[in-house]
Amino acid sequence: MFWTSYLLAVLAIVLAWPVPVFLSRAQWPARSPFTAMLLWQAIALAGGLSMIGAMLVYGLEPVGDNLIAGLRALAGMVLFNAPTTALGFWHLFALSAAALLTAHLVFTLLLTYYKIQRQRRRHRELLALLASPSAEGTGTVVISHDSPVAYCLPGGARSVTVLSDGLMAALEPAELRAVLSHENAHLNQRHHLLLWAFAAWRQALPWLPTTRLAQESVNSLIEMLADDVALKTESKATLIKAIAIVASGSAGGGFPPGGQAGLALEGLETAAGVTGSDSFRTTASRVSRLLSPRPPLSAIARGAVLACCVLLLAVPTALLIVPGLLG
């Protein structure tokens, strides 16, 4: 298992630094945001699995020829008080680090979910007091606010899209339809789940470049995906003007906290390190993409990226499991 641990460590390092830096600077994700989103998810999952797997395999090396045999031996030590003399200091350290990192990631994921749900519940209570139903249809409410603001509040059957008086006064009917289509796309495609996962990942490992670059890129990609849905019914000029008007409301310190139009996480952006400059860059990239459109990736290129996603997940999984199955 010696070489397996080092191969996993190398893969973890590559996925933690050069790969996310390269991908964050690439131009092609704006051409196929869904494909790029899948790649970011594969990088995150493979990186975490490689990081934990490398420490786990190294720690179990003295007591097993593969991961499964090592885990059996470790279970015997824990459950049946088998001798632990085969494990040296650094092996015990690696096992402890793997266990702590796993617990930290799971705990942060659950804690982030709890914070989101609590903040959304409070936000929903405020909307019940301050908002009124909109003539635009069920699931849409209006708040009395001068700034042009639009966002959606996920919540399953209780999901709502929130518009401000200022926005409805500033938009033409076609522009308002574009905004509603954009926000509904966020809800229908469950973008809040992606934001939750990547925000939790960044909170758990804020020192890791991957987490910051991944969260910023995912925030931008989900906006592009929602824009693509809006473009199915409205023109580019209409959508660009709507984006500019909504962005002016966010820049002016609009509602909700965090000043982020789109998905409302009510303060999670600030807690996770998302700043106003991040929101500005996202808006700028969206407008630039609409003003200078480029064709989507070819089917061959998309297939190559999807193959990379599969390999990223398959390689660490195979390194961990296959030796034990063959042995």
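Counting begins at 1 with the first residue of the sequence.
- The CG atom of L60 lies 7.5 Å from the CG atom of L87; values are rounded to the nearest 0.5 Å.
- Formation of a donor-acceptor pair under 3.5 Å by the R31 side chain with backbone atoms of R294 is not found in this model.
- In plain terms, the two heavy atoms of A230 and L239 that are nearest each other are CB-CD1, 4.1 Å.
- The backbone N or O of A284 lies less than 3.5 Å from no partner atom in the side chain of S288, so there is not a single donor-acceptor pair.
- For the residue pair Q203 and T112, a side-chain donor N or O sits within less than 3.5 Å of a side-chain acceptor on the partner.
- Within 6.0 Å of atom CG in D65, 12 or fewer heavy atoms from other residues, nucleotides or ligands are found, so the atom counts as exposed in its surroundings.
- Summarising the local packing, CZ of R118 is surrounded by more than 12 heavy atoms from other residues, nucleotides or ligands at distances under 6.0 Å.
- The existence of a salt bridge linking D228 and R289 is confirmed by a sub-4.0 Å separation between a basic side-chain nitrogen and an acidic carboxylate oxygen.
- For the residue pair L15 and P20, the shortest heavy atom distance occurs at O-CD, 3.2 Å.
- A side chain to side chain donor-acceptor pair (under 3.5 Å) with H186 is found for exactly one of H182, Q189, E183, namely H182.
- Annotation: salt bridge (charged side-chain N to carboxylate O under 4.0 Å, His left out) contacts of R177 (sequence neighbours excluded): E234.
- Side chains of L205 and T210 form no contact here, defined as non-hydrogen atoms less than 4.5 Å apart.
- The CG atom of L111 lies 10.0 Å from the CD1 atom of I116; values are rounded to the nearest 0.5 Å.
- Counting non-hydrogen atoms of neighbouring residues, nucleotides and ligands closer than 6.0 angstrom, the CG atom of L291 exceeds 12 such neighbours.
- At distances below 3.5 Å, not a single donor-acceptor pair connects side-chain atoms of Q117 with backbone N or O atoms of Y114.
- Side-chain contact check for S285 and S220: at least one donor-acceptor pair (N or O, by modelled atom type) lies under 3.5 Å.
- Taking CE from M224 and OG from S217, the interatomic distance works out to 9.0 Å, rounded to the nearest 0.5 Å.
- Ring-plane geometry between F93 and F89 is classed as parallel, the angle between the planes falling under 30 degrees on a 0 to 90 degree scale with a further cut at 60.
- A pairwise comparison of heavy atoms in L167 and V149 identifies CD2-O, 3.5 Å as the closest pair.
- With contacts defined as side-chain heavy-atom distances shorter than 4.5 Å, the pair R120/P154 qualifies.
- Contact annotation: the side chain of L180 approaches that of L163 to within less than 4.5 Å [non-hydrogen atoms, C-beta and beyond].
- Contact record, L319 with T4: O-CG2, 3.4 Å, taken as the closest heavy-atom pair.
- The shortest non-hydrogen separation linking A242 to V179 is CB-CG2, 3.8 Å.
- Looking at residues two or more places apart in sequence or on another chain, you find a side chain to side chain donor-acceptor pair (under 3.5 Å) between S235 and T238.
- D146 places none of its side-chain heavy atoms less than 4.5 Å from the side chain of D165.
- In this structure the side chain of I143 reaches within 4.5 angstrom of the side chain of L127, judged on heavy atoms.
- In this structure, the side chains of W28 and V305 come closer than 4.5 Å at one or more pairs of heavy atoms.
- Side-chain contact between Y151 and H123 is present, with heavy atoms from C-beta onward closer than 4.5 Å.
- Cluster membership check: I321 shares its hydrophobic cluster with L49, using side-chain heavy-atom separations under 4.5 Å among Ile, Leu, Val, Met, Phe, Trp and Tyr.
- Between the side chain of S32 and the backbone N or O of L297 there is at least one donor-acceptor pair closer than 3.5 Å.
- When all heavy atoms are compared, the tightest approach of I245 to P148 is O-CG, 3.2 Å.
- The structure places CG of L101 at 4.5 Å from CE of M55, a figure rounded to the nearest 0.5 Å.
- Considering only heavy atoms from C-beta on, F34 comes within 4.5 Å of L38 through its side chain.
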